[in-house]
Amino acid sequence: MTQPLSPIAPAVPLTHQSLPFPPLHGRAGFSGFPSPAQDYEPRTLDLNVRLIKNPTHTFYLTATGDSMEGWGIFDRDLLVVDRSLSPRLGHILVAMFDDELLIKRYALYRGTPHLCSAHPHYPPLPLEDNDCQVWGVVRAVIHEYLR
């Protein structure tokens, strides 16, 4: 008998707003004097550009539970999930497995494909003879230290 696996919170829609990026005050590896105009250059850090390679196939999802802590995914972490990627061994997937939405690593266990957690209390789930629909591959995890 397998224990119930972690549920997943609802997805968050994408936004296209750039975040402000702090100005650089030092430059490693450059010689000479910095330009006085550098302090006035507008710079932004756009996480959509950095983390989203296929915008029309990408969504955010909030993880819940402890089954993936060993692989750096903690309760309430924000996941960037790409539906356009083909799952490969070692990828972390979001999948509907027997009517339950899960976050698991796609791996071989005893020579056959399984969805595996990083927690010893959650056994590997065999993909053979089970209903499994992959929703996407986790491209990035955003972990907040202060909430």
Side-chain angles (χ1 to χ4, degrees), residues 1-31 34 38 41-147:
M1 183 170 140
T2 52
Q3 286 194 331
L5 299 172
S6 305
I8 300 172
V12 178
L14 293 177
T15 63
H16 297 287
Q17 184 176 12
S18 298
L19 299 175
F21 190 83
L24 294 177
H25 294 292
R27 294 182 141 211
F30 290 92
S31 62
Q38 279 181 327
E41 290 176 3
R43 299 189 63 216
T44 60
L45 173 62
D46 187 345
L47 292 178
N48 288 314
V49 172
R50 174 74 189 262
L51 301 176
I52 299 171
K53 308 305 178 199
N54 302 297
T56 60
H57 293 91
T58 301
F59 63 96
Y60 293 120
L61 192 72
T62 301
T64 60
D66 61 356
S67 72
M68 296 299 284
E69 287 180 358
W71 284 315
I73 299 175
F74 297 89
D75 190 53
R76 297 175 47 202
D77 279 354
L78 186 64
L79 307 179
V80 179
V81 183
D82 191 333
R83 294 180 57 88
S84 70
L85 297 174
S86 296
R88 294 189 324 213
L89 290 175
H91 281 170
I92 295 174
L93 307 180
V94 174
M96 183 66 74
F97 184 88
D98 289 336
D99 297 324
E100 187 174 6
L101 194 59
L102 305 173
I103 302 166
K104 300 291 177 202
R105 184 176 292 258
Y106 179 42
L108 292 180
Y109 177 75
R110 296 184 179 167
T112 61
H114 281 67
L115 293 179
C116 300
S117 78
H119 197 287
H121 292 118
Y122 303 103
L125 303 169
L127 292 176
E128 287 182 10
D129 302 324
N130 282 304
D131 183 25
C132 182
Q133 178 187 17
V134 175
W135 282 24
V137 176
V138 175
R139 181 176 284 283
V141 177
I142 301 170
H143 178 77
E144 294 180 60
Y145 290 104
L146 304 175
R147 296 181 196 224

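The structure displayed is predicted, hence computed values, not measured ones.
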[X] vs [Y] side-chain heavy atoms within contact, under 4.5 Å:
X	Y	answer
K104	S67	yes
R139	N54	yes
L108	P113	yes
M96	L101	yes

Check your understanding: H121 vs H119 aromatic rings, parallel, tilted or perpendicular, using cut-offs 30° and 60°?
Key ->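 Rings of H121 and H119: tilted, 30 to 60°.
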
Over all atoms of both residues, closest heavy-atom pair of [X] and [Y]:
X	Y	result
F74	E69	CD2-CG, 3.4 Å
G72	V141	O-CG1, 3.9 Å
N48	D46	N-OD1, 2.9 Å
S117	M68	CA-SD, 3.8 Å
I52	V80	CG1-CG1, 4.1 Å
C116	W71	O-CZ3, 3.4 Å

First locate atom [atom1] of [X], then atom [atom2] of [Y], and finally report the distance between them rounded to the nearest 0.5 Å.
X	Y	atom1	atom2	answer
H143	D75	NE2	CG	10.5 Å
I92	L79	CD1	CG	8.5 Å
D77	E144	CG	CD	8.5 Å
I73	I142	CD1	CD1	12.0 Å
L47	Y60	CG	OH	6.5 Å
H114	L127	NE2	CG	7.5 Å

May I ask you to decide if [Y]'s main-chain N or O and [X]'s side chain share a donor-acceptor pair within less than 3.5 Å?
X	Y	value
N130	C132	no
D98	D131	yes
R83	T58	no

Review point. Any chance CH2 of W135 has more than 12 other-residue heavy atoms, nucleotides or ligands included, within less than 6.0 Å?
Key: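 Open: at most 12 neighbouring heavy atoms sit under 6.0 Å from CH2 of W135.
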
**Study point:** Contacts of H57 that satisfy ring pair (Phe, Tyr, Trp, His ring centres under 6.0 Å) - sequence neighbours left out
**Key:** none

